[in-house]
Amino acid sequence: MAQIQFSRGINEEVVPDVRLTRSRTGDSGTATFIFTNPKALDSGNTEEITGMYMIDEEGEIITREVKGKFVNGKPEALEAVVLIKSSQDWDRFMRFMERYAEEHGLGFNKS
């Protein structure tokens with residue numbers, strides 16, 4: 001069970017585009033998630049977006065770096081950035097992503 005939530009208890013159904021960067025030393029990096037037309041922005045959704053919560057059997061990874069993208073005044077996308085500050089955090093993040101990718105059909109392409 002690996003899920004992403006923007007409001008506690010409500011799983012996001014849209015699978016994001018994820019971009020990873022990592023420092024040359026491997027000690028830090030960033031992960032940028034882009035959700036196009038996510039359920040969290042549906043007009044019928046009245047829940048408040050409080051962050052992005054990545055939840056699996058090991059616990060959760062939380063980021064508060066969540067921004068909305070609007071086109072002609074209508075919500076179109078959410079962008080969340082996860083800052084990874086150590087090699088242990090990177091390993092933990094990658095374990096979550098492997099579980100999430102397996103459950104949601106994501107692939108990995110190296111640039």
Side-chain angles (χ1 to χ4, degrees):
M1 182 225 41
Q3 295 296 329
I4 294 177
Q5 300 177 352
F6 289 104
S7 299
R8 292 220 181 255
I10 302 173
N11 293 335
E12 180 56 57
E13 295 169 4
V14 172
V15 177
D17 179 33
V18 183
R19 297 186 182 126
L20 299 174
T21 60
R22 192 172 188 185
S23 68
R24 290 184 190 271
T25 61
D27 292 340
S28 63
T30 61
T32 304
F33 291 75
I34 299 172
F35 294 83
T36 304
N37 296 314
K39 179 179 149 187
L41 292 179
D42 282 351
S43 59
N45 186 4
T46 59
E47 296 295 323
E48 210 174 291
I49 294 173
T50 56
M52 185 174 80
Y53 308 93
M54 296 173 282
I55 303 165
D56 64 8
E57 56 262 24
E58 286 185 58
E60 64 183 17
I61 301 168
I62 301 170
T63 184
R64 303 283 182 209
E65 297 283 327
V66 179
K67 296 182 227 172
K69 291 193 176 195
F70 294 81
V71 175
N72 296 326
K74 294 186 179 175
E76 185 173 279
L78 282 176
E79 180 180 299
V81 178
V82 178
L83 300 175
I84 303 165
K85 298 178 181 169
S86 70
S87 57
Q88 292 85 4
D89 288 350
W90 182 269
D91 292 343
R92 168 66 179 105
F93 175 79
M94 291 307 291
R95 287 192 305 273
F96 169 83
M97 286 307 297
E98 287 168 6
R99 292 178 187 116
Y100 187 81
E102 191 174 306
E103 288 183 30
H104 296 89
L106 276 175
F108 180 70
N109 297 323
K110 275 191 170 185
S111 61

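When a residue number appears, it is its place in the shown sequence, counting from 1. This one's a predicted model, so the numbers in the text were calculated from it and none came from an experiment.
Listed by first and then second residue, the salt bridge (Lys or Arg N to Asp or Glu O under 4.0 Å) pairs involving residues 25-38 amount to none (not counting sequence neighbours).
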* Please assess Lys39 against Glu13 for the test salt bridge (Lys or Arg N to Asp or Glu O under 4.0 Å), listing each intermediate value before the final yes or no. => CA-CA 7 Å; Lys39 179 179 149 187; Glu13 295 169 4; 3.4 Å; yes
* To do: Could you please spell out the steps behind the side-chain contact (heavy atoms from CB on, under 4.5 Å) verdict for Asn37 and Asp42?
  => CA-CA 8 Å; Asn37 296 314; Asp42 282 351; over 6 Å; no
* Asked: Which is it for Ile61 and Thr63 under the side-chain contact (heavy atoms from CB on, under 4.5 Å) test, yes or no, and what are the steps along the way?
  -> CA-CA 7 Å; Ile61 301 168; Thr63 184; over 6 Å; no
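Atoms CD and CD1, from Gln5 and Ile62 in turn, are 10.5 Å apart once rounded to the nearest 0.5 Å. With rounding to the nearest 0.5 Å, the separation of CD in Glu12 from NE2 in His104 is 9.5 Å. One distance of note links OG1 of Thr36 with CG of Asp17; it measures 7.5 Å at 0.5 Å rounding. Rounding to the nearest 0.5 Å gives a distance of 8.0 Å between CD of Glu103 and CE of Met1.
When atom types are taken as modelled, the side chain of Ser28 and the backbone of Ser86 share no donor-acceptor pair closer than 3.5 angstrom. Of the possible donor and acceptor atoms, none in the side chain of Ser87 sits under 3.5 Å from a partner among the backbone N and O of Gly26. Looking at Arg64, its side chain does come within 3.5 Å of a backbone N or O of Thr50 through a donor-acceptor pair.
No continuous path of hydrophobic side-chain contacts links Ile55 to Ile10 [ILVMFWY only; heavy atoms under 4.5 Å]. Under the 4.5 Å side-chain contact rule for hydrophobic residues, Val15 and Val81 do not share a cluster. Hydrophobic clustering of Ile, Leu, Val, Met, Phe, Trp and Tyr side chains at less than 4.5 Å, counting indirect connections, keeps Phe96 apart from Ile34. Linking Ile, Leu, Val, Met, Phe, Trp and Tyr residues whenever their side-chain heavy atoms come within less than 4.5 Å places Met94 and Val18 in a single cluster.
Evaluation of the ring-ring contact (aromatic ring centres under 6.0 Å, His included) rule for Phe93 yields no partner, not counting sequence neighbours. Residues meeting the salt bridge (Lys or Arg N to Asp or Glu O under 4.0 Å) test with Glu102, sequence neighbours left out: none. Checked against salt bridge (Lys or Arg N to Asp or Glu O under 4.0 Å), Glu60 has the following partners two or more places apart in sequence or in another chain: Arg8. When the side chain to side chain donor-acceptor pair (under 3.5 Å) test is applied to Thr21, the partners found at least two apart in sequence or on another chain are Thr30.
For the side chain to side chain contact (heavy atoms under 4.5 Å, CB included) test with Asp56, the passing option among Glu98, Arg92, Met97 is Arg92; the others fail. Here the options are Glu58, Met54, Gln3, the test is side chain to side chain contact (heavy atoms under 4.5 Å, CB included), and the partner is Arg99; only Glu58 passes.
In the displayed structure, Arg19 atom CZ is contacted under 6.0 Å by at most 12 heavy atoms of other residues, nucleotides or ligands.
Taking the six-membered ring for Trp and the full ring otherwise, the centers of Phe6 and Tyr53 sit at least 6.0 Å from each other.
For the pair Pro16/Tyr100, a side-chain contact is recorded, criterion being any heavy-atom separation below 4.5 Å from C-beta on. Looking at Leu20 and Thr32, their side chains never come closer than 4.5 Å, going by heavy atoms from C-beta outward.
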Could you give the side-chain donor-acceptor pairs of residues 65-79 under 3.5 Å, partners two or more places apart or in another chain?
residue, atom, partner, partner atom, Å
Lys69, NZ, Glu79, OE1, 3.3

